[in-house]
Amino acid sequence: KRQVSTQSTWGHDDNVPEGLMALDIGPKTIAKYCEIVGGCKTAIWNGPMGVFELAGFEKGTFAVAKKLAETPGLLSIVGGGDSASAAEKAGVAEKLSHISTGGGASLELLEGKILPGISILTDK
């Protein structure tokens with residue numbers, strides 16, 4: 001079993017030093033993502049920003065979740081069990097427009113693909 005330290009450090013590029021793992025996005029990325037979400041009319045969120053389940057690595061995920069919930073007039077669609085769980089833990093689930101635990105299936109539906117569970121309902 002791998003031990004995880006909640007001590008964190010921020011880098012300025014994508015070069016993660018040997019022996020360390022990237023477990024969350026940093027402050028500049030949080031600010032940029034929130035800026036982008038703030039200018040949207042519709043946002044689809046599929047997947048957390050980091051390992052939000054570990055204390056100390058939830059900042060990015062929770063910040064983006066809160067921005068999705070607090071942006072006036074935003075249609076916010078959350079797909080996937082991890083994202084749904086993150087929205088709950090961030091305390092914003094009730095402020096989001098729609099939450100589905102079907103992550104990959106949600107994306108495939110939006111792509112226009114026919115889902116097996118739906119096609120069988122219309123198959124005669």
Side-chain angles (χ1 to χ4, degrees):
K1 184 176 179 179
R2 179 178 285 194
Q3 288 189 329
V4 178
S5 169
T6 58
Q7 187 176 24
S8 62
T9 183
W10 298 109
H12 298 287
D13 57 28
D14 60 358
N15 296 313
V16 178
E18 183 72 30
L20 297 180
M21 297 186 312
L23 299 177
D24 198 3
I25 58 175
K28 288 182 182 179
T29 304
I30 291 170
K32 185 65 177 174
Y33 285 5
C34 288
E35 175 188 341
I36 291 168
V37 168
C40 290
K41 293 182 180 178
T42 302
I44 300 167
W45 175 27
N46 181 276
M49 309 303 120
V51 186
F52 72 94
E53 300 91 343
L54 295 177
F57 300 104
E58 72 285 344
K59 291 180 184 81
T61 298
F62 287 7
V64 172
K66 288 176 184 174
K67 187 65 177 181
L68 288 165
E70 296 169 359
T71 300
L74 178 69
L75 174 63
S76 53
I77 301 168
V78 179
D82 288 337
S83 300
S85 175
E88 286 288 337
K89 289 183 180 181
V92 299
E94 292 179 6
K95 296 179 182 176
L96 298 167
S97 305
H98 179 76
I99 298 177
S100 167
T101 56
S106 296
L107 293 177
E108 287 183 15
L109 182 64
L110 290 170
E111 288 175 27
K113 292 184 179 177
I114 302 202
L115 303 178
I118 302 296
S119 68
I120 196 137
L121 295 174
T122 59
D123 203 11
K124 295 182 182 190

Separation between CD1 of I77 and CG of L68, rounded to the nearest 0.5 Å: 11.0 Å
Enumerate, atom names and distances included, each donor-acceptor pair closer than 3.5 Å involving a side-chain atom of residues 26-47, sequence neighbours excluded.
from	atom 1	to	atom 2	distance (Å)
W45	NE1	G47	O	2.6
N46	ND2	G79	O	2.9
N46	ND2	G103	O	3.3

hydrophobic_cluster_shared for V64 and L74, side chain cutoff 4.5 Å: yes
Shortest non-hydrogen contact between A65 and A90, atoms and distance: CB-CB, 4.1 Å
Qualifying residues under side-chain contact (heavy atoms from CB on, under 4.5 Å), relative to S106, sequence neighbours excluded: S100
Path from V92 to F57 over hydrophobic side-chain contacts below 4.5 Å: no
Cluster overlap L54 with M21, hydrophobic side-chain contacts below 4.5 Å: yes
Side chain proximity check, L109 to L115, heavy atoms < 4.5 angstrom: yes
Of all pairs that satisfy salt bridge (Lys or Arg N to Asp or Glu O under 4.0 Å), the ones with a partner from residues 94-114, not counting sequence neighbours: E111-K113
Those residues that, when tested against A22, pass side-chain contact (heavy atoms from CB on, under 4.5 Å) (two or more places apart): V16
With E88 via side-chain contact (heavy atoms from CB on, under 4.5 Å) - residues at least two apart: A93
T101 side chain to G81 backbone, donor-acceptor under 3.5 Å: no
G60 to I25 - nearest heavy-atom pair and separation: CA-CG1, 3.7 Å
Heavy-atom closest pair, residues T61 and G50: OG1-N, 3.2 Å
side-chain contact (heavy atoms from CB on, under 4.5 Å) involving E70 - partner list, sequence neighbours excluded: K66
Gap between atom CD of E53 and atom CD of E58 - 0.5 Å precision: 10.5 Å
